[in-house]
Amino acid sequence: MSPHPLKAVTLTHVRYQKGDQLGHFLAWVSLVPVFISLGGFVSHFIFRRELQGMFFAIGLLISQFINEIIKKSFQQARPETCALLEVCDSHGWPSSHSQYMFFFAVYFTLLTYRKLGLICRNQLWVVLLLVWPMAVLTLYSRVYLGYHTVAQVFAGATLGAVLGGGWFWIVNNVLKGLFPVIEESAFGRFFYVKDTSHIPNVLKFEYENARAARKHVSYKRAD
């Protein structure tokens, strides 16, 4: 037998009381950050390769790195209810799930309002009816399932909102001047990295250009 205690990878290891339907639902909600990271940003890089989206993802990574530093510095324990879940080998303040979701919600809202992404300002209802309710539900899920205290999730949410707003300002007021350089770099050319934030309606632009390209022989596939 190994002398060292075993430790599980808890990325998707979320527990809830058996028979608790609300807990079951909130357990899935608690995994939204994982879905956004693995499904959203990975697929975004594969299919879109927008610099705005890439820096969005980089900001989330920086935010989570800061979260880990703070947790290790303060080493605040998780609530007693977490002991029943057998996953209390990490610190609880601030909540990384809450920080992630509020960073995402703030940045996504600003991105939409400034018309810098695929969703335009007149589609803010997507943010109001989907993104923010999911962020709030994630906070609630972490407390309901026993992983965090109320103070821990609010600390994470506050830090995430501040970092999300701050990173958005840095990207679009400081780093955006580098976007053309990155586009023209060897990396940008090899991976077809692009910036379309200067286009008012990206979906309309791509739709019209895709239709127009059908008329040009040079764009046709050689099957």
Side-chain angles (χ1 to χ4, degrees), residues 5-42 56-112 124-168:
L6 298 177
K7 183 176 180 180
V9 176
T10 58
L11 182 63
T12 60
H13 190 64
V14 182
R15 293 192 172 192
Y16 63 96
Q17 292 289 333
K18 184 177 181 180
D20 183 357
Q21 296 301 316
L22 177 59
H24 186 196
F25 168 73
L26 291 175
W28 282 103
V29 169
S30 192
L31 295 176
V32 168
V34 179
F35 299 146
I36 292 175
S37 298
L38 300 182
F41 285 108
V42 171
F56 191 171
I58 290 171
L60 283 165
L61 289 175
I62 294 173
S63 174
Q64 292 306 292
F65 179 71
I66 292 173
N67 180 274
E68 287 300 317
I69 292 176
I70 294 175
K71 277 184 176 178
K72 291 180 180 179
S73 298
F74 286 87
Q75 299 185 1
Q76 186 181 103
R78 291 176 183 265
E80 294 181 359
T81 51
C82 193
L84 302 174
L85 303 170
E86 301 177 0
V87 288
C88 280
D89 54 352
S90 62
H91 306 297
W93 189 92
S95 165
S96 58
H97 283 71
S98 304
Q99 184 172 324
Y100 184 103
M101 287 303 297
F102 269 71
F103 183 108
F104 180 85
V106 168
Y107 197 104
F108 195 85
T109 301
L110 294 172
L111 200 64
T112 304
L124 269 174
W125 61 268
V126 175
V127 178
L128 297 176
L129 297 180
L130 182 62
V131 176
W132 280 103
M134 195 59 64
V136 173
L137 274 174
T138 300
L139 261 70
Y140 180 68
S141 72
R142 303 306 289 173
V143 176
Y144 182 90
L145 295 173
Y147 288 91
H148 289 286
T149 64
V150 172
Q152 289 171 352
V153 296
F154 273 102
T158 302
L159 182 57
V162 171
L163 290 175
W167 183 246
F168 182 87

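Values in this document were obtained by computation on a predicted structure and should not be read as measured data.
Inter-residue side-chain proximity for Ile36 and Met101 is flagged as met; some heavy-atom pair is nearer than 4.5 Å. In this structure the side chain of Trp132 reaches within 4.5 angstrom of the side chain of Phe102, judged on heavy atoms. The shortest side-chain heavy-atom distance between Phe56 and Phe103 falls under the 4.5 Å cut-off. Residues Ser96 and Lys71 form a side-chain contact, since some pair of their non-hydrogen atoms from C-beta on lies under 4.5 Å apart. Counting only heavy atoms from C-beta outward, the side chains of Val131 and Phe104 approach each other to under 4.5 Å. Under the 4.5 Å side-chain criterion, counting only non-hydrogen atoms from C-beta, Trp167 is in contact with Ile58.
For Phe74, the CZ atom counts as loosely surrounded, since its 6.0 Å shell holds 12 or fewer non-hydrogen atoms of other residues, nucleotides or ligands. Heavy-atom neighbours of Phe41 CZ from other residues, nucleotides or ligands within 6.0 Å: above the threshold of 12.
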Table please: side-chain donor-acceptor pairs of residues 27-34 below 3.5 Å, with sequence neighbours left out.
residue: Trp28; atom: NE1; partner: His24; partner atom: NE2; Å: 3.2
residue: Ser30; atom: OG; partner: Arg142; partner atom: NH1; Å: 2.5

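From Ser63, atom OG reaches atom CG of Leu159 across 6.0 Å, with rounding to the nearest 0.5 Å. Taken from CG in Leu145 to CG in Leu22, the straight-line distance is 8.5 Å, to the nearest 0.5 Å. Here Leu61 contributes atom CG and Ile66 contributes atom CD1; the two are 11.5 Å apart, rounded to the nearest 0.5 Å. We find the CG-CG distance between Leu26 and Asp20 to be 8.0 Å, quoted to the nearest 0.5 Å. Put simply, CZ on Phe168 and CG on Leu111 are 5.5 Å apart, with the number rounded to the nearest 0.5 Å.
Relative orientation of the Tyr140 and Tyr144 rings is tilted, given thresholds of 30° and 60° on the angle between their planes.
When all heavy atoms are compared, the tightest approach of Gly165 to Leu110 is CA-CD1, 4.1 Å. Taking every heavy atom of both residues into account, Ile70 and Pro94 meet most closely at CG2-CD, 3.5 Å. Scanning all heavy atoms of the two residues, the minimum distance from Ala157 to Leu139 falls at CB-CD2, 3.9 Å.
No side-chain donor-acceptor contact under 3.5 Å links Trp93 and Thr149.
Judged purely by atom type and a 3.5 angstrom limit, Thr109 uses its side chain to pair as donor or acceptor with the backbone of Ala105.
Partners of Phe25 according to the ring pair (Phe, Tyr, Trp, His ring centres under 6.0 Å) rule, which considers only residues two or more places apart in sequence or in another chain, do not exist here.
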